[in-house]
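As the structure lists them, so they are numbered: ligands from 1, and atoms in each ligand from 1. Predicted model only: the values in this text are computed from it and were never measured.
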Amino acid sequence: MTKKTVFCSKHIATMQVGQPYGMIENGAVAMDGSSIVWVGPQSEIPSPYTDWPQVDFGDRLITPALIDAHTHVVFGGNRAVEFEMRLNGATYEEIARAGGGILSTVNGTRAASEQDLLAGALPRVDTLLAEGVSCIEVKSGYGLDTETELRMLRAARRIAQERPVRVKTSFLGAHAIPPEYSGRGDAYIDDVCIPTLRAAHAEGLVDAVDGFCEGIAFNPAQIERVFKVAQELGLPVKLHAEQLSNLGGARLAASYGALSADHIEYLDAEGVAGMASSGTVAVLLPGAFYTLHETQQPPVELLRAQNVPIALATDCNPGSSPLTSLLLTMNMGCTLFRLTPQEALAGVTCNAARALGLSDTGTIDAGLRADLAIWDVTHPTELAYRIGFNPLYKRIFGGVE
Ligand code: DI6
Ligand code: FE
């Protein structure tokens, strides 16, 4: 017998389309085991749910649990010193070209065991979960050799064994050119990145394939070679695109039916149109924008006009976004990118689910997983409005507290 419960609350933001926030006042959610079986007004609860035990959360707000659709939480080493360097005048690109940046984390990650990587990631994951997160995406990309890329992905998978959270992995072998392939990006793609993708896939470690299309990383032709292999293996793609310049990465990703194009501050109208036609989600990463003092705004108006779904994620990583708060990310999305609080909540629920190719989570609806967050606030606007305040009352993961 599965556990059957009905949660009642004055405010349920289902995030279903319809009214703002999919709001149901004086609502109820019926859950059978790990699934939601019904949601609606308390006055309309159908049988047999009327007979199930009820928990009344009173004036609290229930939302879908949050989803962080872009993280690099698994890594070794520490880059606090680069924060200092940037404040003394060095740019992110200069530090990267001088062998710091991503490559510094590569050294730290290569030196770390799977257990070290897991132990380093868990406190970051715990901080996210404490804000009602039920699902995180985790990328490789700090190994850049077969052994370390696989180790990162194994550590990522283990997070879901150690904690009540879902993990979706992305293979990011095309993140940076490792020192031993300096100046030989093509050879790295052929000799390391692609064979490693095949090995990781064979081990069941890959849910999606990502890349970094940028002057300091890989050009579109190199990314496309990786995407072709992803396509052959039946894996969805996504891309770090147009973060520091416009190389047409989002358009390329869209032409491969990408789940998402991420960062996209330098995206142009053509790129937006490409994303619109392929249903690619725009994952905005205000933590990186903020940390790098970026001034180029992502084209939010164009994305809205073309109905491109917008997600928000932490991009939690040791360099450009040492951020482990999805609530603060929502606030930044509103204040820095002028998203509305409703867009911000959609960005970390329904649209984040879409960015991960998940159709069983992200809204409160019959048939979906019972992944919920219950908050000590009465209106969802407060989740994005407040700064550095965590009103989480309870997190429900697959129907379990
Ligand atoms: N863009 C990012 O925001 C992360 N990777 C990427 O391609 C940052 C990686 C880092 O600085 O460690
Ligand atoms: Fe990233």
Option set His240, Lys139, Glu214, criterion heavy-atom distance to atom 6 (C) of ligand 1, minimum: His240

For Asp315, the atoms of ligand 1 under 4.0 Å from one of its heavy atoms are 2 (C), 3 (O)

Taking only Lys NZ, Arg NE, NH1 and NH2, and the carboxylate oxygens of Asp or Glu, determine whether Lys394 and Glu401 approach each other closer than 4.0 Å. yes

Atom indices of ligand 1 within 4.0 angstrom of Ile102 heavy atoms, with elements: 9 (C), 10 (C), 11 (O), 12 (O)

What atoms of ligand 1 come within less than 4.0 Å of a heavy atom belonging to Arg79? 10 (C), 11 (O), 12 (O)

Ligand-side contact atoms (ligand 1) for residue partner Tyr142, heavy atom cut-off under 4.0 Å: 9 (C), 10 (C), 12 (O)

May I ask you to say whether Lys238 pairs ionically with Asp210, meaning some side-chain N is under 4.0 Å from a carboxylate O? no

Within-shell test, Ser320 vs ligand 1, heavy atom, strictly < 4.0 Å: yes

Is Asp207 paired with Arg157 through a side-chain N to carboxylate O contact shorter than 4.0 Å? yes

Is there a ring pair (Phe, Tyr, Trp, His ring centres under 6.0 Å) between Tyr21 and His379 once you walk through the steps? CA-CA 10 Å; Tyr21 297 98; His379 195 277; 5.6 Å; yes

Please state which part of His175 comes within less than 4.0 Å of ligand 1, counting heavy atoms only: side chain, backbone, both or neither. side chain

Which of the atoms in ligand 1, numbered in the order shown and given with their element, are less than 4.0 Å from a heavy-atom of Tyr92? 8 (C), 9 (C), 10 (C), 11 (O)

NZ/NE/NH1/NH2 to OD/OE distance under 4.0 Å, Arg86 and Glu93: no

Does ligand 1 come near enough to Thr105 that some N or O of the ligand is less than 3.5 Å from an N or O of the residue? no

Quick note on ligand 1: atoms under 4.0 Å from a heavy atom of His72 include exactly 4 (C), 5 (N)

Could you tell me the angle subtended at the Fe ion (ligand 2) by OD1 of Asp315 and NE2 of His72, rounded to 10°? 90°

Checking side-chain contact (heavy atoms from CB on, under 4.5 Å) against Glu137, which of Val283, Val73, Leu356, Thr169 comes through? Leu356

Ionic contact status for Asp32 with Lys4, cut-off 4.0 Å: yes

